[in-house]
Amino acid sequence: MLNKKTVDDIDVKGKKVLVRCDFNVPVMDGVITDDNRITAAVPTIKKLISQGGKVILCSHMGKPKGEVKKELSLAPVAKRLSEILGKEVVFAPDDNVVGENAKKAVQNMSDGDIVLLENTRFRKEETKNEDSFSRELASLAEVFVNDAFGTSHRAHCSTVGVTKYVPVSVVGYLMEKEIEYLGNAVENPVRPFAAILGGAKVADKINVINNLLDKVDILIIGGGMAYTFIKAQGYSVGNSLLDSERVDYAGEMMKKAEEKGVKLLLPVDTVIVREFKNDTEFRTVPVNEIPDGWEGVDIGEKTRELFADALKEAKTVVWNGPMGVFEFENFAAGTKAIAKAMADIDGTTIIGGGDSAAAVNQLGFGEKMSHISTGGGASLEFLEGKELPGVAAVNDK
Ligand code: AMP
């Protein structure tokens, strides 16, 4: 159970409430191409306005690195959110985020009104968690709600610093839901508990394995992650993704799995290409026969079967990272096979955000999952057993 105060523990009638959301959505030519993160924030916003709070929303978008970048303005988010809520969301277009527009808009608020501030990362202090900007944000409100799970692994002004200067800080419904799902999976799973790791950010993800091996019954490793393990098995991986500094560590993890009785599954075959593109010659080989000059881009058919079979018995599954380069249609089959195997499971299925969430949605399996996290990096740090600073900073129950 989450031991933090939530929006259910406070009464915000007539109060100014600053809500940190994760509106970091993809925008192309001013149009939002995926609004999942906006809809995910709606339950908290609705709860606060229905109680008569004056709701001031803030978020970052992209990485403007302390500079004003018009293409990363939150203006399109205000528009989209207002369509979703069927209610005006007043946008405060201040380059310095808490400027004249924001102050005036907040002054003019009636109970139940909504204001959205500009991209918090237009301020260079934001990612450094510097007091000056934290104080400015806090000066707008009497209550702070952190509902930005996707940024909860970062100690920034708008996630952590602001809590020092606002009398009351709580988490929102999205944050609560994310932590409940991930927390239950990790700490109190219905067994067998399986984790699937893939993707390309090997250095970021490989550390999670050590912690997961203390928790899971089955650990499946595919995608770009797998080749470091294949190398540790003594095979050559050609041009495949490899974290050469962590080959020994991969070997240690294989040993740890054995000692702990965790079923560690690695690919037995892989789809290989000579050129990294969709329309190219490809074939499937056993993992101990990857020729020089070739690169592994997906798990092979035998591996798909092996992984899907192992998942049949699982009652809790957490998945982070695609099994292959799913953006290329020819190499999406491995990821699709895992998505399908997860969709067929009679148990709790959790997608750990980022590219796996995109893959599952793109392949049409989104509806079949118990929970798709809005935070890739945050869910990974959670699985690594790290404390999330954005959660730690809010008031205890
Ligand atoms: P991540 O952000 O770590 O989840 O990585 C996601 C990316 O991993 C996707 O863009 C995939 O195309 C990529 N990926 C998955 N498998 C491989 C592979 N075998 N080789 C290179 N990239 C891969």
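Computation of the quantities below employed the complete heavy-atom set of this structure, encompassing side-chain atoms and omitting hydrogens, waters and symmetry-equivalent molecules. This one's a predicted model, so the numbers in the text were calculated from it and none came from an experiment.
Under a cut-off of 6.0 angstrom, the local environment of NZ in Lys340 is sparse, with at most 12 non-hydrogen atoms contributed by other residues, nucleotides or ligands. Atom CD of Glu130 sits in a crowded spot, with more than 12 heavy atoms from other residues, nucleotides or ligands closer than 6.0 Å. Other residues, nucleotides and ligands contribute over 12 non-hydrogen atoms within 6.0 Å of the NZ atom of Lys47. Applying the 6.0 Å contact sphere to NZ of Lys368 captures no more than 12 heavy atoms from other residues, nucleotides or ligands. Surrounding CD of Glu258 are at most 12 heavy atoms belonging to other residues, nucleotides or ligands under 6.0 Å away. Other residues, nucleotides and ligands place more than 12 heavy atoms under 6.0 Å from the CD atom of Gln233. For Glu301, the CD atom counts as loosely surrounded, since its 6.0 Å shell holds 12 or fewer non-hydrogen atoms of other residues, nucleotides or ligands. The 12-atom threshold is not exceeded at NZ of Lys79, counting heavy atoms of other residues, nucleotides or ligands nearer than 6.0 Å.
Between the side chain of Thr280 and the backbone N or O of Lys277 there is no donor-acceptor pair closer than 3.5 Å. A donor-acceptor distance shorter than 3.5 angstrom exists from the side chain of Lys4 to the backbone of Ala392, with no hydrogens or angles considered. Using a distance-only test at 3.5 Å, with no hydrogens or angles considered, a donor-acceptor pair links the side chain of Asp217 to the main chain of Phe193. Proximity of a side-chain donor or acceptor of Asn239 to a complementary backbone N or O of Glu295 within less than 3.5 Å is not detected. When atom types are taken as modelled, the side chain of Asn24 and the backbone of His60 share no donor-acceptor pair closer than 3.5 angstrom.
With hydrogens and angles left out, the side-chain atoms of Asp269 and Thr303 include a donor and acceptor closer than 3.5 Å. For the residue pair Glu88/Ser82, the side-chain donor-acceptor check at 3.5 Å is not satisfied. Arg20 and Thr159 share no donor-acceptor pair across their side chains, judged by distance under 3.5 Å alone. Glu126 and Thr120 form a side-chain donor-acceptor contact under 3.5 Å, judged by distance and modelled atom types alone.
In this structure, His371 and Tyr181 have parallel ring planes: the angle between them is below the 30° cut-off, well short of the 60° mark.
Counting heavy atoms from C-beta outward, His153 and Lys386 have side chains that stay 4.5 Å or more apart. Ser236 has its side chain within reach of Asp292: a pair of non-hydrogen atoms, C-beta onward, lies under 4.5 Å apart. At a threshold of 4.5 Å between non-hydrogen side-chain atoms, the residues Leu363 and Thr335 count as touching. Inter-residue side-chain proximity for Leu117 and Leu137 is flagged as met; some heavy-atom pair is nearer than 4.5 Å.
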*Between Val285 and Ile290, is a side-chain contact (heavy atoms from CB on, under 4.5 Å) present by the stated rule, with each step listed?*
CA-CA 7 Å; Val285 294; Ile290 304 174; 4.3 Å; yes
*Val318/Ile196 under side-chain contact (heavy atoms from CB on, under 4.5 Å): CA gap, chis, key distance, verdict*: CA-CA 6 Å; Val318 178; Ile196 311 165; over 6 Å; no
_With side-chain contact (heavy atoms from CB on, under 4.5 Å) as the criterion, how do Ile179 and Val391 come out once you've worked through the C-alpha distance, each side chain's angles and the decisive distance to 0.1 Å?_
CA-CA 9 Å; Ile179 292 165; Val391 179; 3.6 Å; yes
*asked:* One pair to check against salt bridge (Lys or Arg N to Asp or Glu O under 4.0 Å): Arg123 and Glu136. What are the steps and the verdict?
replied: CA-CA 11 Å; Arg123 291 283 296 261; Glu136 284 176 46; 2.9 Å; yes
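Here Asp9 pairs with Lys397 in a salt bridge; the nearest charged N to carboxylate O distance falls below 4.0 Å. For the pair Asp243 and Lys231, the salt-bridge criterion is not met [side-chain N within less than 4.0 Å of a carboxylate O]. For Asp396 and Lys5, the salt-bridge test fails: no basic side-chain N is under 4.0 Å from an acidic carboxylate O. A salt bridge links Asp131 and Lys164; the closest N-O separation between the charged side-chain nitrogens and carboxylate oxygens is under 4.0 Å.
Taking the six-membered ring for Trp and the full ring otherwise, Tyr165 and Phe144 have centroids separated by 6.0 Å or more.
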